[in-house]
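To keep things clear, I will list the structure first and then write my remarks on it.
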Number of protein chains: 2
Amino acid sequence: MTELRADRPRWRQVYEIIAARIADGTYRRGVRIPSVRGLQEEFGIAVTTGQKVMDRLRDDGLIYTEPGLGSFAGPPPDDDPS
Amino acid sequence: MTELRADRPRWRQVYEIIAARIADGTYRRGVRIPSVRGLQEEFGIAVTTGQKVMDRLRDDGLIYTEPGLGSFAGPPPDDDPS
DNA sequence: ACCCATTTGTGCGTATGTATA
DNA sequence: TTATACATACGCACAAATGGG
């Protein structure tokens, strides 16, 4: 369980860790990143805190999300079967 | 108490109502918009839902926030006494 | 068609800390 | 000191979508 510091918001620290993993290729484009409950287990944060991290990552275009499936690194693919 | 519909997320409906009030000049630039608890009373939403509305409005540059004071319509003024 | 597990999305309540007046 | 207001963070619950049996 990765420890977080107390001097900065927990959601921001987790955000930066995930963002760094995307940047350095740990999570390659199209690869599934940990679920909200995965973040919960790895960092000891609450569900709502994990949701906030996901929201921000998505807003900033670092991940895309498929409801019911998970969230994935990088920009969304061009399949839009509407 | 403004009623919200059930077909779309409550936080999004409130977001759009506030955004519309800023766009049409109901809340002019620099004017204080309702607090989270103000939204709670006007729309019957939870504190956390109101917070989410504020977060989005801020992220989208529609408001700025002064902790302890409130949130205000429009872009932040250029006073940054850091 | 059905159940079940996983995952995201939404929404509620609550508590504590910090900043301002 | 008190009141107001935002920021962070927790827990919980339910809905909807997905995929495997």
Side-chain angles (χ1 to χ4, degrees), chain A residues 1-18 27 30-74 76-77 79-82, chain B residues 1-18 27 30-74 76-77 79-82:
Chain A
M1 223 259 278
T2 303
E3 293 297 329
L4 300 176
R5 311 204 183 133
D7 59 322
R8 280 184 316 140
R10 297 163 70 75
W11 71 264
R12 182 168 292 280
Q13 295 180 59
V14 175
Y15 173 100
E16 286 167 3
I17 290 170
I18 301 299
Y27 301 138
V31 162
R32 194 168 155 269
I33 69 169
S35 69
V36 169
R37 278 172 189 78
L39 296 181
Q40 194 178 359
E41 289 169 15
E42 181 173 1
F43 299 102
I45 61 178
V47 180
T48 43
T49 306
Q51 284 284 4
K52 183 160 187 169
V53 172
M54 295 297 203
D55 284 348
R56 292 302 186 114
L57 289 168
R58 195 174 330 102
D59 284 356
D60 294 345
L62 297 178
I63 66 171
Y64 64 96
T65 295
E66 308 256 16
L69 274 182
S71 294
F72 306 83
D79 58 319
D80 208 291
S82 62
Chain B
M1 222 260 279
T2 303
E3 293 297 329
L4 301 177
R5 312 204 182 131
D7 58 322
R8 281 184 314 140
R10 297 164 70 74
W11 71 263
R12 181 167 293 280
Q13 294 180 58
V14 175
Y15 172 101
E16 286 167 4
I17 290 169
I18 302 299
Y27 301 138
V31 163
R32 194 169 154 267
I33 69 169
S35 68
V36 169
R37 279 178 187 74
L39 297 181
Q40 194 178 0
E41 289 170 16
E42 181 173 1
F43 299 103
I45 60 178
V47 181
T48 43
T49 306
Q51 284 283 3
K52 183 162 186 167
V53 172
M54 295 296 203
D55 284 348
R56 293 299 187 116
L57 289 168
R58 195 173 329 103
D59 284 356
D60 294 344
L62 297 178
I63 66 171
Y64 63 96
T65 295
E66 308 257 14
L69 276 181
S71 294
F72 305 84
D79 57 319
D80 208 290
S82 60

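Keep in mind that this is a model prediction, so the values were computed, not measured. Below, chains carry the letters A, B, ... as their sequence lines are ordered, and counting in each starts from 1.
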(request) Quickly work out the A:Asp7 CG to C:dG17 P distance and round it to whole Å. (result) 17 Å

(message) Between A:Arg56 and A:Asp59, does any side-chain N to carboxylate O distance fall below 4.0 Å?
(response) no

(message) Closest approach to the side chain of A:Thr48, judged atom by atom: which nucleotide of D:dC12, C:dG13, C:dA19 is it?
(response) D:dC12

(request) Considering just the side-chain nitrogens and oxygens of A:Thr49, establish if one lies under 4.0 Å of OP1 or OP2 belonging to D:dC10. (result) yes

(message) Within this structure, what is the CD1-CG distance for the pair A:Ile45 and A:Leu4, rounded to the nearest 0.5 Å?
(response) 7.5 Å

(message) What is the distance, to the nearest angstrom, from the NZ atom on B:Lys52 to the P atom on D:dA7?
(response) 16 Å

(request) Report the distance from atom OH of B:Tyr64 to atom C1' of D:dA5, rounded to the nearest whole Å. (result) 15 Å

(request) Return the 5'-most residue of the pair A:Leu69, B:Ser71 with respect to DNA chain D, ranking by each residue's nearest nucleotide. (result) B:Ser71

(message) By the 4.0 Å heavy-atom rule, please label B:Gly44 as base, sugar-phosphate, or nothing.
(response) sugar-phosphate

(request) Please state how far atom CG in B:Leu4 lies from atom P in C:dT10, giving the value in whole angstrom units. (result) 14 Å

(message) Taking 4.0 Å as the cut-off, does a side-chain nitrogen or oxygen of A:Arg58 come that near to OP1 or OP2 on C:dT8?
(response) no

(request) Might you confirm whether atom CZ of A:Arg5 has over 12 heavy atoms from other residues, nucleotides or ligands at distances under 6.0 Å? (result) no

(message) Rounded to whole Å, how long is the line connecting atom CD of A:Gln51 with atom C1' of D:dC14?
(response) 13 Å

(request) Using a heavy-atom cut-off of under 4.0 Å over every strand shown, decide if B:Arg32 touches base, sugar-phosphate, or nothing. (result) sugar-phosphate

(message) Looking at B:Arg58, I'd like to know if its CZ atom is crowded, meaning that more than 12 non-hydrogen atoms belonging to other residues, nucleotides or ligands lie closer than 6.0 Å.
(response) yes

(message) Within the supplied structure, the quantity of interest is the number of heavy atoms (other residues, nucleotides, ligands) at a distance under 6.0 Å from B:Arg32 CZ; does it exceed 12?
(response) yes

(request) Give a yes/no on whether any side-chain N or O of A:Arg10 is located under 4.0 angstrom from OP1 or OP2 of D:dC10. (result) yes

(message) Of the listed nucleotides (D:dC6, C:dT10, D:dT8), which one gets closest to any side-chain atom of A:Pro9?
(response) D:dT8

(message) Rounding to an integer number of Å, can you tell me how far B:Ile33 CD1 sits from D:dC6 C1'?
(response) 12 Å

(request) To the nearest Å, give me how far apart CZ (A:Phe72) and P (D:dT18) are. (result) 12 Å

(message) Rounding to an integer number of Å, can you tell me how far B:Arg8 CZ sits from D:dA15 P?
(response) 21 Å

